[in-house]
Amino acid sequence: MSESTPDEEQVNRCECAGKTFEQLKAYENFEAAQAATRCGVECGGCVPYIKLMFACGETAFDIDDPRLAEYE
Ligand code: FES
């Protein structure tokens, strides 16, 4: 693997559904986003990040953002 910059280590999308958090933010809440895009359905790795995104409004997170503990 090549070296990654801090930017590349940020989580900003559901890889499985191919949707950025910016796109998912257009939905009313997590449930609505999931129903429409199937985000968080496949591997589930993005679920805490998406929930945090709806809670705080940011669309990119550190992989180990301490706020994620509330949503795991
Ligand atoms: S990254 Fe979102 S379900 Fe896998």
Side-chain angles (χ1 to χ4, degrees):
M1 269 177 73
S2 61
E3 270 184 54
S4 56
T5 67
D7 257 10
E8 285 170 325
E9 285 165 17
Q10 291 238 303
V11 179
N12 66 0
R13 61 193 298 121
C14 171
E15 296 288 348
C16 300
K19 297 287 179 194
T20 65
F21 292 166
E22 197 65 51
Q23 290 172 303
L24 298 175
K25 201 178 169 184
Y27 297 93
E28 196 175 335
N29 54 35
F30 176 76
E31 287 74 20
Q34 185 162 66
T37 68
R38 294 186 53 77
C39 65
V41 170
E42 211 159 307
C43 78
C46 61
V47 171
Y49 296 92
I50 296 174
K51 289 184 172 170
L52 176 58
M53 184 267 292
F54 278 112
C56 75
E58 293 163 35
T59 53
F61 303 98
D62 290 342
I63 268 181
D64 59 352
D65 190 310
R67 294 171 296 177
L68 292 164
E70 272 185 69
Y71 302 97
E72 279 166 350

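Both ligands and their constituent atoms are indexed starting at 1 by order of listing.
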Next on the checklist: Are there over 12 heavy-atom neighbours, none belonging to E72, within less than 6.0 Å of that residue's CD?
Outcome noted: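 It does: E72 CD has more than 12 such atoms within range.
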
Checklist entry - Which residues satisfy the side-chain contact (heavy atoms from CB on, under 4.5 Å) test with C16, sequence neighbours excluded? => result C14, E42, C43

Checklist entry - Between T20 and N12, is a side chain to side chain contact (heavy atoms under 4.5 Å, CB included) present by the stated rule, with each step listed? => result CA-CA 6 Å; T20 65; N12 66 0; 5.7 Å; no

Next on the checklist: Counting C-beta onward and ignoring hydrogens, is there a side-chain heavy-atom pair between Q10 and D62 closer than 4.5 Å?
Outcome noted: yes

Checklist entry - Does some side-chain heavy atom of I50 sit less than 4.5 Å from a side-chain heavy atom of F21? => result yes

Next on the checklist: Let's test this: below 2.8 Å, count the protein N/O/S atoms around atom 2 (Fe) of ligand 1.
Outcome noted: 2

Checklist entry - Less than 4.0 Å between a side-chain N and a carboxylate O, is that true for E58 and R67? => result yes

